[in-house]
Amino acid sequence: MKKKWYDYLWIGELLYWVLGLCNILFAWLGMLFFTIPLLVALIGGSKAYCNRYCGRGQLLSLLGQKLSRNAPPPRFLRTRWFRYSFLAFFMVMFGLMLRSTYMVFAGAPLRQAVTLLWVFKLPWNWAQVDMVAPWIAQFAFGFYGVMLTSTVLGLVTMALFRPRSWCVYCPMGTMTQGVCMLKQKKEDGGCGGEGQKDCGAAAASRQ
Amino acid sequence: MALSKRLARVGRECVACGTCMKVCPRSAIRVVSGVIARVDGMLCVGCGRCAKVCPADVIGIVERGEEA
Ligand code: SF4
Ligand code: SF4
Ligand code: SF4
């Protein structure tokens with residue numbers, strides 16, 4: 001299949017990590033990886049971001065070609081309860097990160113550390129953050145931690161199972177899936193918009 | 001061309017990641033829109049490549065007629 005421009009978005013993901021290492025404030029760019037998929041789901045009603053534009057998914061596919069065991073992941077990973085529980089857990093941790101950003105905004109001292117896997121604090125004292133308000137820097141540290149944590153989990157499940165196993169329980173993927181399903185249900189009881197055509201096509205192919 | 005005996009069937013727990021589309025030699029499986037991959041029964045030859053890469057492991061290769 002001929003490669004399209006969006007098949008190279010994994011470079012953007014790599015760039016994000018490098019820029020963040022150079023200056024933690026670039027972590028704010030990660031907001032794009034949150035808002036774009038949600039907008040695509042809210043406006044377009046599809047997970048096109050996941051199956052076309054997600055640089056992280058592409059990077060996991062690429063690395064997985066060499067590094068993955070290619071074993072089917074355990075069944076529980078794809079169950080609804082696990083995916084939505086993981087999303088809820090992730091949102092709570094995200095909320096706590098926002099809380100510590102607010103605390104710094106309210107006058108608490110800035111903590112120059114990136115938290116990995118919600119427990120390990122990596123000291124990040126070399127970061128130059130004097131040029132912005134402390135809460136802006138605190139959010140950057142927190143957000144980089146969120147991105148790093150999900151990447152580490154993604155890499156571990158990539159190696160253990162299939163390359164894109166992270167996509168099975170990725171909170172963004174679960175959230176956009178939830179949004180699309182709600183949207184489709186609202187539109188026409190389960191088979192929505194263009195989806196209706198697909199449902200028709202799928203039904204036809206079954207005949 | 002005669003239809004193959006077997007073809008792919010996608011389970012409801014598909015996460016629409018699109019990995020399957022990239023390996024299908026016949027472009028028979030696609031996440032056309034929405035949140036689930038769909039198989040075009042006229043194109044699918046039941047080779048099973050998509051099933052081997054699906055990270056959610058939701059693709060089964062079944063006898064034609066059993067896919068509904
Ligand atoms: S599930 Fe997550 S990592 Fe996978 S493609 Fe979607 S947003 Fe990207
Ligand atoms: S690879 Fe599996 S989970 Fe991903 S879109 Fe195809 S059927 Fe769905
Ligand atoms: S079984 Fe083969 S032909 Fe059919 S959808 Fe999967 S990869 Fe394509």
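Sequence lines set the chain letters: A, B, ... in the order given, protein chains first and strands last, and positions in each chain run from 1.
Between chain B and the options A:Pro73, A:Cys170, A:Ser61, A:Gly44, heavy-atom pairs under 4.5 Å are most frequent for A:Pro73.
Between the CD atom of B:Glu13 and the OG1 atom of A:Thr79 there is a distance of 7.0 Å, given to the nearest 0.5 Å. Atom NZ of B:Lys22 sits about 6.5 Å away from atom CG of A:Asp7, to the nearest 0.5 Å.
Proximity to chain A (any heavy atom under 4.5 Å) is shown, for B:Cys44, by neither the backbone nor the side chain. For A:Arg75, the part lying under 4.5 angstrom from a heavy atom of chain B is the side chain only. There is no contact between B:Ala28 and chain A, counting heavy-atom distances below 4.5 Å.
In this structure a side-chain-to-backbone donor-acceptor pair under 3.5 Å is present from A:Gln177 to B:Cys14. Judged purely by atom type and a 3.5 angstrom limit, A:Arg162 uses its side chain to pair as donor or acceptor with the backbone of B:Lys52. In this structure, the side chain of B:Asp57 does not engage the main chain of A:Pro72 through any donor-acceptor pair within 3.5 Å. No donor-acceptor pair under 3.5 Å is formed between the side chain of A:Lys47 and the backbone N or O of B:Cys17.
In terms of heavy atoms, A:Arg164 sits closest to B:Thr19 at CD-OG1, 3.6 Å. Considering all non-hydrogen atoms of both residues, A:Met181 and B:Val35 come closest at CG-CG2, 4.0 Å.
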(request) Tell me, with the steps shown, if A:Arg78 and B:Val15 meet side chain to side chain contact (heavy atoms under 4.5 Å, CB included). (result) CA-CA 8 Å; A:Arg78 66 171 192 247; B:Val15 293; 6.0 Å; no
